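This one's a predicted model, so the numbers in the text were calculated from it and none came from an experiment. The chains referred to below are lettered A, B, ... by the order of the sequence lines, with proteins before strands, and numbering in each begins at 1.
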There are 2 protein chains.
Amino acid sequence: MSSRCGVLPIMTERNQAPSPSLVQDDKAGERPKRRGKNGDGAERHDAIYRSISDAIIEHRLKPGARLREDALSDVFGVSRTGIRKILQRLALEQLVTLTPRRGASVTRPTAEEAKDVFEARQMVECGLMPEVARRITDIDIRELRDMASRERQALRAGEQSTAIKLSAAFHERLAKLSGNATLAEFVARLCSRSSLILAVYGSSGHLGCESHDHDELIRFLEEGNGERAKAFMSRHLKTIESSLSIVEEADEVPDLHRIFMG
Amino acid sequence: MSSRCGVLPIMTERNQAPSPSLVQDDKAGERPKRRGKNGDGAERHDAIYRSISDAIIEHRLKPGARLREDALSDVFGVSRTGIRKILQRLALEQLVTLTPRRGASVTRPTAEEAKDVFEARQMVECGLMPEVARRITDIDIRELRDMASRERQALRAGEQSTAIKLSAAFHERLAKLSGNATLAEFVARLCSRSSLILAVYGSSGHLGCESHDHDELIRFLEEGNGERAKAFMSRHLKTIESSLSIVEEADEVPDLHRIFMG
DNA sequence: AATATCTCCATTGTATACGCTTTATGCCTG
DNA sequence: CAGGCATAAAGCGTATACAATGGAGATATT
């Protein structure tokens, strides 16, 4: 068994925090980095959280990959206590699955979850479009265009990880423009899970959003046409969903007869 | 300062778990309750979580109430480690607020959060009605009627806490009938937060849902009229929201002058 | 030879101890 | 008499240690 992925494809972390400040010598006993007052205590946890979250969203950590606590604590240089907190948070966002005595692993979404997530996105993201079209400003449009362009660029350069994350970020940003923080956060979580779903059910070579869909969507929003934006978003999401090859691989007892006996 | 509520209005807990198994003598040193194999380890945490969550939803713990870790660990007989995990989970559901070095307290929703939450409920709960109307069965209807009846009963008996929880439970159950677990969970969270919002902005004597609204809603669902159910739900939620007296009380320095000097 | 069982190890669950930050009270000073 | 500072206490953040459980491998038995 365990044809799963290896244990730790986690590359240290490409910290996007402003302070690189070598990580591993924190464990050396003394504490050389008492910068401000406490400062990086909570920020460090948040950075680690984003690090793992990004790795999952970008498919550097694939569904089913196990996340052992002391391996993570080794990599990030904090003790298991902090790691557990982070894993628990990721579990609540359903990016990792916490099996009671078995530890954490990257969630492998089921087909039904996939359906639910895209149904939810249909309802919420589409429902948000009119309000977004109403509230969007020129600055927002410029920023969205920039994101879309960077996404296209990454896609063309073959940087799948980056493209996936930018695509999710685009949808999240869009939702945030509605001004409703609660719904925006919900959309953000749905986008993360969508990324996971793409990792499992996505056909390779065709990752999520079409190259120019986002640009077209921006155009509708720019002209304040909320209804067309809504319709387009609906079509957009349907396109993504229908591109999935949901085969619901039989988890339990994988039909050895059918597999081997033909 | 600290004209807040006292420290611990937590009455031990009216455990709804099947095993009462006295709680407080766990701290007595020995561990007399090693029942099955591990059994109550995780279940116990879940019970504590529900205990606190219920207390918040039922307004036995009011917004702003501080939740000190060792006080809770004393009450429930588990160490701070477990309490922290639970508090973190509650924080992620936005029932409690975790201030970095200050500990946990019951969240006091802002006016904007209230608006966002009800806007989200409008979008999701109403959007779910057609599907619910399509999938509802006779058994579901009977169960919903029972819940509504129990709610009315509690309301009439003056048991506010029970009525509030039953009302939220009704909406949650309804959402679950849609078959979409993701959206159902979102609705559940919105309902919890709504309860909190009612605690802060609700005019007393008029808590949330009207007595007979739920019964009427059931009727529409029973006849499979998703659109009317949707419209009714929309009106229902609007009624609740407009019953709030959102005054955005000045949080800081609770106006001691106005309070004591008249 | 295959399966069941036993044992050991890897890994998580929980508690406790320690340090740091914040807060409150008392004292000193202007 | 009022306001600021210092000291003490209390509570949170983190790490480490210990216990317990589940799994994998080895061995014995049928």
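Side-chain contact of B:H59 with B:Q160: a donor-acceptor pair under 3.5 Å is absent, judged by distance alone.
A:D70 places its CG atom 13 Å from the C1' atom of C:dG13, with the value rounded to the nearest Å. Remark: C1' of D:dT14 and CG of B:L98 are 15 Å apart, rounded to the nearest angstrom. Straight-line distance from the CG atom of A:L67 to the C1' atom of C:dT11: 14 Å, rounded to whole Å. When the C1' atom of D:dT14 is taken as reference, atom NE2 of A:H45 falls 8 Å away, rounded to whole Å. What separates CZ of B:R44 from P of C:dA15 is a distance of 10 Å, to the nearest Å. Atom-to-atom, CD of A:Q88 to P of C:dT12 comes out at 15 Å; the value is rounded to the nearest Å. Taking atom CD on B:E43 and atom C1' on C:dG13, their separation rounds to 15 Å, with Å as the unit. Regarding A:I83, its CD1 atom lies at a distance of 15 Å from the P atom of C:dT11, rounded to whole Å.
Within a 6.0 Å radius of NZ in B:K115, more than 12 heavy atoms belonging to other residues, nucleotides or ligands are found.
A sub-4.0 Å separation between OP1 or OP2 of D:dG11 and a side-chain N or O of B:R68 is present. At the phosphate of D:dG13, OP1 or OP2 sits under 4.0 Å from a side-chain N or O atom of B:R84. Using a 4.0 Å cut-off, some side-chain N or O of A:K85 falls inside it from OP1 or OP2 of D:dT14. Contact annotation: B:R102 reaches the phosphate of C:dT23 (side-chain N/O to OP1 or OP2, under 4.0 Å). Here A:T81 does not reach the OP1 or OP2 of D:dT14: none of its side-chain N or O atoms lies under 4.0 Å away.
Partners of B:F170 under the ring pair (Phe, Tyr, Trp, His ring centres under 6.0 Å) rule, at least two apart in sequence or in another chain, are B:H214.
Although no hydrogens or angles enter the test, the distance criterion places a donor-acceptor pair under 3.5 Å between the side chain of A:S73 and the main chain of A:D70.
The residue among A:S79 and B:E69 whose nearest nucleotide of DNA chain D is located toward the 5' end is B:E69.
Here the side chain of B:V78 is nearest to one of C:dA15, C:dT12, D:dC12, namely C:dA15.
Residues B:N180 and A:M123 are not in side-chain contact: their nearest non-hydrogen atoms beyond the backbone lie 4.5 Å or more apart.
One can find a donor-acceptor pair under 3.5 Å joining the base of C:dG13 and the side-chain atoms of A:R80.
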